[in-house]
Amino acid sequence: MQVFDRIISDRGSRYAVSGGAVASRAEIAALLAELRGVKRFAKATHHSWAVVLDGEVVKDDDGESGAAQLIAQMLERAGLQGHVVVVTRWYGGKHLGGDRFRHVAEAVRHYLRETGLG
């Protein structure tokens, strides 16, 4: 699993992005458990994620409505399959409105660029 922490900060909210290759739902669960096993990440408000497995989108917003769909769309456009991408947010106390989608998209772009997968 690769983790890029503290990549975006806006009005108190902070973002990280992470991910790794997966071949099954069990491997997704294991990767998420590993991420949540890190004390800092266990305290995060949201872990929104998506992956394309065998042509099927598997995703979870984790309370950040619409975030997983955006991640899934970006993975599909990049042609990336079998690789889960997780955008983590620590809520800073102020609503970000539509800016939260801009931050999710930027986090995914950061991951794809830094890993060479995009």
Side-chain angles (χ1 to χ4, degrees):
M1 174 173 48
Q2 291 190 288
V3 178
F4 302 96
D5 197 2
R6 298 180 176 133
I7 59 169
I8 299 168
S9 182
D10 183 6
R11 290 169 266 178
S13 287
R14 295 173 321 280
Y15 288 82
V17 64
S18 52
V22 294
S24 67
R25 290 176 187 254
E27 289 182 10
I28 296 167
L31 188 139
L32 290 168
E34 180 183 346
L35 185 64
R36 288 182 174 125
V38 176
K39 187 176 180 180
R40 172 169 158 66
F41 282 82
K43 294 179 180 183
T45 313
H46 308 286
H47 297 286
S48 305
W49 59 269
V51 61
V52 180
L53 284 179
D54 300 321
E56 176 190 353
V57 172
V58 183
K59 60 186 171 59
D60 184 12
D61 285 323
D62 191 29
E64 188 80 284
S65 182
Q69 182 61 39
L70 177 57
I71 297 167
Q73 289 171 347
M74 293 180 75
L75 295 179
E76 287 178 315
R77 277 189 217 124
L80 187 58
Q81 295 200 26
H83 200 99
V84 66
V85 174
V86 183
V87 177
T88 301
R89 177 183 178 193
W90 291 263
Y91 179 63
K94 294 186 180 174
H95 292 286
L96 301 180
D99 286 341
R100 66 189 176 95
F101 293 110
R102 185 172 48 87
H103 297 324
V104 169
E106 181 54 36
V108 175
R109 279 192 291 274
H110 181 92
Y111 185 84
L112 296 174
R113 182 176 58 249
E114 293 297 317
T115 59
L117 297 170

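Annotation for Ala72 and Ala50: closest pair N-CB, 3.6 Å, computed over non-hydrogen atoms. When all heavy atoms of Ala67 and Ser48 are compared, the pair lying nearest together is CB-OG, 3.6 Å. Among all heavy-atom pairs drawn from Leu35 and Ser18, the shortest one is CD2-OG, 3.6 Å.
Here the rule is side chain to side chain contact (heavy atoms under 4.5 Å, CB included) with Arg89, and of Val104, Leu96, Asp10 only Leu96 fits it.
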Would you please test Leu80 and Val52 for side chain to side chain contact (heavy atoms under 4.5 Å, CB included) and show each step? CA-CA 7 Å; Leu80 187 58; Val52 180; over 6 Å; no
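You'll find the side chain of Arg11 reaches within 4.5 Å of the side chain of Asp99, heavy atoms only. Between Arg102 and Glu106, the closest side-chain pair of non-hydrogen atoms is not below 4.5 Å.
Rounded to the nearest 0.5 Å, atoms CZ (Arg25) and CD (Glu56) are 5.0 Å apart. To the nearest 0.5 angstrom, Thr115 atom OG1 is 9.0 Å from His110 atom NE2. Taking CG from Asp5 and OG1 from Thr88, the interatomic distance works out to 8.5 Å, rounded to the nearest 0.5 Å. If you take CD1 on Ile8 and CZ on Arg14, they are separated by 13.0 Å, rounding to the nearest 0.5 Å. From Gln81, atom CD reaches atom CG of Asp54 across 7.5 Å, with rounding to the nearest 0.5 Å. Interatomic distance, CD1 of Ile71 versus CE of Met74, reported as 9.0 Å (0.5 Å rounding).
Residues meeting the salt bridge (charged side-chain N to carboxylate O under 4.0 Å, His left out) test with Asp62, sequence neighbours left out: Arg36. Residues meeting the ring-ring contact (aromatic ring centres under 6.0 Å, His included) test with Tyr111, sequence neighbours left out: Phe4, His83.
Applying the ring pair (Phe, Tyr, Trp, His ring centres under 6.0 Å) test to residues at least two apart or on different chains, the pairs with a partner in residues 20-50 are Phe41-Trp90.
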